[in-house]
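Have a look at the structure below, then the notes.
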Amino acid sequence: MSKPISDEKLMQRVLRRETHSSRAALSAVAAVTVTLIAVYCLLEAALRALDQPPWLADPLTAAQRLADLPEGIEPALLGALGALLALLGLMFFLTAVLPGKRSRHVIADDRIAVVADDEVIASALARCARLAAGVTREQVLVILSRRSVTVNIRPTSGIPVDEPAVLAAVQEEADRMALEPRPQVRINVAAVGVVGV
């Protein structure tokens, strides 16, 4: 019998699953592709063993053509095929090696697992910055990444923005959310303002 998983370990697994992307789809594509190539090679080998005509290409002829490369094929086409295969291999390699982070943050809570989408968090921080700066919704843009929050404000012409007050308000809101990992807040106020409504 397997040991039961503790609540803390289960919570960590759930949070990791929600904040990291799955590699299952790409793994399935790779497995199906390799399987289809293997089945095709087996079919051609069986047809050759039974002295039947090849379905698409005779295995020995195909192997000889591969051995004779680059003869019989345009160098530009060979280069394009090589680049395509290299890009495909790089995509599979990077997907396997890099951490597949989703645009989500964990909100610290002792009782339940809370995961919030970055767009929702950015919207809440933009509202906070807008109220602190006294500007309209269109004048604030918040960019949230894994470890930073950048608040871009276009002030109304003739009305200065109190940058330290906006920074303090956004930092307080981010601290209240208790995001993990905790992002660093930066404020950018544009030099040119917009005409007030």
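The analysis underlying the following values was restricted to heavy atoms, covering all of them including side chains, and did not include hydrogens, waters or symmetry mates.
Other cluster members for L50: none, since no ILVMFWY side-chain heavy atom sits under 4.5 Å from it. Under a 4.5 Å side-chain heavy-atom criterion applied to ILVMFWY residues, the cluster that includes V32 comprises L36 as well. Its side chain within the 4.5 Å cluster rule, W55 clusters with Y40, L43, L47, L56 among the Ile, Leu, Val, Met, Phe, Trp and Tyr residues.
Residues satisfying the side-chain contact (heavy atoms from CB on, under 4.5 Å) criterion with N188, sequence neighbours excluded, are T150, N152, R186. By the side-chain contact (heavy atoms from CB on, under 4.5 Å) test, L90 is found to be paired with L94, residues two or more places apart in sequence or in another chain being considered.
Taken from CG in L81 to CG in L78, the straight-line distance is 6.5 Å, to the nearest 0.5 Å. With rounding to the nearest 0.5 angstrom, the CD atom of E71 is 12.0 Å from the CZ atom of R65.
Connection of I187 to L141 is not established within any shared hydrophobic cluster, with ILVMFWY side chains joined at heavy-atom distances below 4.5 Å, either directly or through further cluster members.
Counting only heavy atoms from C-beta outward, the side chains of R127 and L131 approach each other to under 4.5 Å. Between Q64 and D68 the shortest side-chain heavy-atom distance falls below 4.5 Å. Counting only heavy atoms from C-beta outward, the side chains of R130 and I153 never approach each other to under 4.5 Å. Proximity of P75 to L77: side-chain heavy atoms (C-beta onward) are nowhere separated by under 4.5 Å.
Listed here is the closest heavy atom pair of A174 and R182: O-NH1, 4.5 Å. The two atoms that bring V170 and L125 nearest to each other are O-CD2, 4.0 Å, heavy atoms only. The two residues V151 and A129 come nearest to each other via the heavy atoms CG1-CB, 3.7 Å. Taking both residues in full, the closest heavy atoms of A132 and A169 are given as CB-CB, 3.8 Å, listed atom of the first, atom of the second, then distance. Taking each heavy atom of V161 and A133 in turn, the nearest pair found is CG1-CB, 4.0 Å. Residues V135 and R154 come closest through the heavy atom pair CG1-O, 4.4 Å.
A side-chain donor-acceptor contact under 3.5 Å links T35 to the backbone of A31. In terms of modelled atom types and a separation under 3.5 Å, the side chain of Q139 and the main chain of T136 share a donor-acceptor contact.
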(request) Carefully, step by step, assess I37 and T33 under the rule side-chain contact (heavy atoms from CB on, under 4.5 Å). (result) CA-CA 6 Å; I37 291 171; T33 303; 4.1 Å; yes
(request) Given side-chain contact (heavy atoms from CB on, under 4.5 Å), test L87 with L84 step by step and report yes or no. (result) CA-CA 5 Å; L87 285 175; L84 181 67; 5.5 Å; no
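More than 12 non-hydrogen atoms from other residues, nucleotides or ligands lie less than 6.0 angstrom from CZ of R176.
For residues 35-62, every residue pair satisfying the salt bridge (charged side-chain N to carboxylate O under 4.0 Å, His left out) rule, not counting sequence neighbours, is listed here: R48-D58.
In summary, of the residues considered (L144, V149, L179), a side chain to side chain contact (heavy atoms under 4.5 Å, CB included) with D118 occurs for L144 alone.
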